[in-house]
Amino acid sequence: FRWGAFLSGGMDSSVMAAIMAREAGGRVKTCCVGFSDQQHDERAAALATAQALGTNHSEAQVEWDVRALLPRLATHFGEPFGDSSALPCWHLCQAARGSVTVALSGDGADEVLAGYRRYFSRRLAGIYLKLPRFLRANQLENLLALAPDPEGYYGYSLIRQARLFAEQARRLEADRLEVMTLPFSEAELPLLLPGIKSSGVDPVRSRVELESSWDEVTQMLRADQQTYLPDDILVKVDRMSMAHGLEVRCPFLDHRVVEFCASLPIEYKLRGATGKRLLLRMAKGLVPARVLSRPKHGFTAPLEKWFRNELKDYAREVTLGLDSATFSRTHVELLWDEHLAGRRDHSHRLWLLLMWGVCLGR
């Protein structure tokens with residue numbers, strides 16, 4: 001085997017590469033891919049980390065050829081798969097396979113040690129919901145509704161984060177077990193799928209119900225570990241790596257690590273707005289300080305820009321051509337109108353519809 005590691009410049013992959021370099025006793029191969037869109041390009045951060053760790057680092061700039069790649073993705077997944085990060089994951093695995101056959105990944109750290117922003121947001125929502133309803137609805141949320149969605153990476157937009165937070169808080173007010181953000185709300189689904197009767201089964205909510213005796217963040221962690229992680233993250237990495245004959249392993253998901261982290265009090269994972277506290281403490285002195293202070297950045301694609309520009313005509317043709325007996329063309333057109341006008345970012349919803357159409361050969 002030729003071993004290496006993915007390296008984004010974030011804490012999870014940096015810790016993994018640092019431990020690997022220390023244990024291997026030689027120069028470890030690390031790999032990163034970058035894109036021309038600056039908000040989705042992490043090469044500079046990855047290179048700085050690689051230089052500090054002394055790894056044998058390679059990077060590649062790839063161009064998004066989305067229309068040509070989508071049918072290939074659909075073939076490898078064998079089903080409509082809605083996570084758009086499969087696109088950069090495909091390119092990363094392709095680049096890594098040029099020099100290694102097995103790569104270590106930082107996947108799993110967020111779900112085991114509470115690294116996502118939404119874990120803190122869940123706690124913050126409890127405070128927010130104590131505000132008078134008229135103040136929340138008539139003042140704060142009305143102002144958010146008037147603001148357009150800015151283009152760019154979600155993590156850089158306070159407006160988009162605040163709107164998502166308010167939406168999640170409303171769902172939690174109605175039902176404290178509704179912990180996962182949904183692309184289409186229960187109220188919107190009948191508008192999109194008028195001919196489909198909902199089964200009422202929500203696998204995430206069902207999992208949270210089983211863990212209802214735990215604190216709210218632990219409920220979310222357990223639900224993510226048993227739904228989002230195995231049904232999305234790991235499927236994505238498995239399919240995209242195997243498509244290139246690359247094996248990816250996730251040491252954060254070693255059962256001994258998961259079991260140990262599960263035994264810890266929640267304060268070891270999340271305190272205030274700081275997640276992955278245990279990992280953060282371990283990482284000090286192991287990776288460069290700038291890695292620890294760097295804002296969290298997801299592995300994402302510039303969907304909102306694509307749907308307003310180079311992917312617009314193709315995606316409109318596919319999504320508006322979906323079976324009218326199942327999908328409401330009127331509602332799909334509404335999503336497009338609001339997105340193209342810049343009033344709302346519906347890119348993730350449009351991506352789901354596009355992938356559905358591509359898988360059906362539209």
Side-chain angles (χ1 to χ4, degrees), residues 6 8 33 35 40 62 64-97 103 105-108 110-111 116 118 154 180-184 188-189 192-193 196 198-199 201-204 207 223-250 253 298-307 311 314-323 326-327 332 335 339 345-362:
F6 296 151
S8 68
V33 291
F35 306 94
H40 297 82
V62 297
W64 301 104
D65 190 1
V66 185
R67 183 170 179 175
L69 187 53
L70 283 181
R72 299 181 70 180
L73 295 187
T75 298
H76 285 291
F77 284 110
E79 61 182 348
F81 185 79
D83 189 340
S84 62
S85 65
L87 284 166
C89 188
W90 165 282
H91 289 296
L92 175 61
C93 292
Q94 185 179 56
R97 185 59 182 85
S105 163
D107 285 322
D110 288 314
E111 294 83 2
Y116 294 128
R118 53 190 169 86
Y154 155 83
M180 184 69 77
T181 301
L182 299 175
F184 295 98
E188 189 177 10
L189 279 175
L192 175 68
L193 305 168
I196 302 296
S198 173
S199 67
V201 176
D202 182 340
V204 176
R207 173 52 53 184
D224 280 341
Q225 290 165 15
Q226 301 201 32
T227 58
Y228 178 57
L229 188 59
D231 296 337
D232 183 334
I233 302 298
L234 298 182
V235 172
K236 172 191 68 180
V237 175
D238 177 70
R239 300 296 191 275
M240 297 298 89
S241 59
M242 287 292 98
H244 296 96
L246 176 72
E247 182 178 346
V248 176
R249 298 183 182 178
C250 310
L253 294 177
F299 199 31
T300 57
L303 295 183
E304 72 283 354
K305 186 180 74 172
W306 288 347
F307 284 130
L311 204 57
Y314 167 67
R316 278 178 60 85
E317 179 184 356
V318 172
T319 56
L320 292 175
L322 292 172
D323 182 9
T326 303
F327 294 90
V332 177
L335 296 177
H339 186 83
D345 175 12
H346 290 308
S347 56
H348 291 288
R349 296 171 170 185
L350 294 173
W351 181 263
L352 293 176
L353 297 174
L354 175 60
M355 287 304 298
W356 185 275
V358 171
C359 282
L360 293 180
R362 300 294 181 184

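Residues: numbered from 1 along the sequence shown. In this text the structure is predicted, and so the values were computed from the model without any measurement.
For the pair Trp90/Arg72, a side-chain contact is recorded, criterion being any heavy-atom separation below 4.5 Å from C-beta on. A heavy-atom distance below 4.5 Å is not found between the side chains of Cys359 and Phe81. Residues Leu234 and Cys250 form a side-chain contact, since some pair of their non-hydrogen atoms from C-beta on lies under 4.5 Å apart. Counting heavy atoms from C-beta outward, His91 and Phe35 have side chains that approach closer than 4.5 Å.
Rounding to the nearest 0.5 Å gives a distance of 10.0 Å between CG of Leu192 and CG of Leu352. With rounding to the nearest 0.5 Å, the separation of NZ in Lys305 from CG in Leu311 is 12.0 Å. Distance check: Leu354 CG to Arg316 CZ gives 13.0 Å after rounding to the nearest 0.5 Å. We find the CG-SG distance between Leu73 and Cys89 to be 10.0 Å, quoted to the nearest 0.5 Å. Put simply, CZ on Arg349 and CZ on Phe184 are 5.5 Å apart, with the number rounded to the nearest 0.5 Å. Here the straight-line distance linking atom CG of Leu229 with atom CG of Asp232 works out to 9.0 Å at 0.5 Å rounding.
Listed here is the closest heavy atom pair of Leu350 and Thr319: O-CG2, 4.1 Å. Nearest heavy-atom pair, Ser84 versus Leu303, reported as atom, atom and distance to 0.1 Å: OG-CD1, 3.4 Å. Across Phe6 and Ser105, no two heavy atoms sit closer than the pair CD1-CB, 4.0 Å. The heavy-atom pair separating Ala74 from Val358 by the smallest distance is CB-CG1, 4.0 Å. In terms of heavy atoms, Ala96 sits closest to Leu246 at CB-CD2, 4.1 Å. Taking both residues in full, the closest heavy atoms of Val248 and Ser241 are given as CG2-CB, 3.5 Å, listed atom of the first, atom of the second, then distance.
Between His346 and His339, the ring-plane angle classifies as tilted under the 30° and 60° cut-offs. Ring planes of Trp351 and Trp306: tilted class, angle from 30 to 60°.
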Checklist entry - Yes or no on side-chain contact (heavy atoms from CB on, under 4.5 Å) for Val235 and Asp83, after CA distance, side-chain angles and deciding distance? => result CA-CA 10 Å; Val235 172; Asp83 189 340; over 6 Å; no
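Using a 4.0 Å cut-off between charged nitrogen and carboxylate oxygen, Asp107 and Lys236 do not count as a salt-bridge pair.
When atom types are taken as modelled, the side chain of Gln225 and the backbone of Glu111 share a donor-acceptor pair closer than 3.5 angstrom.
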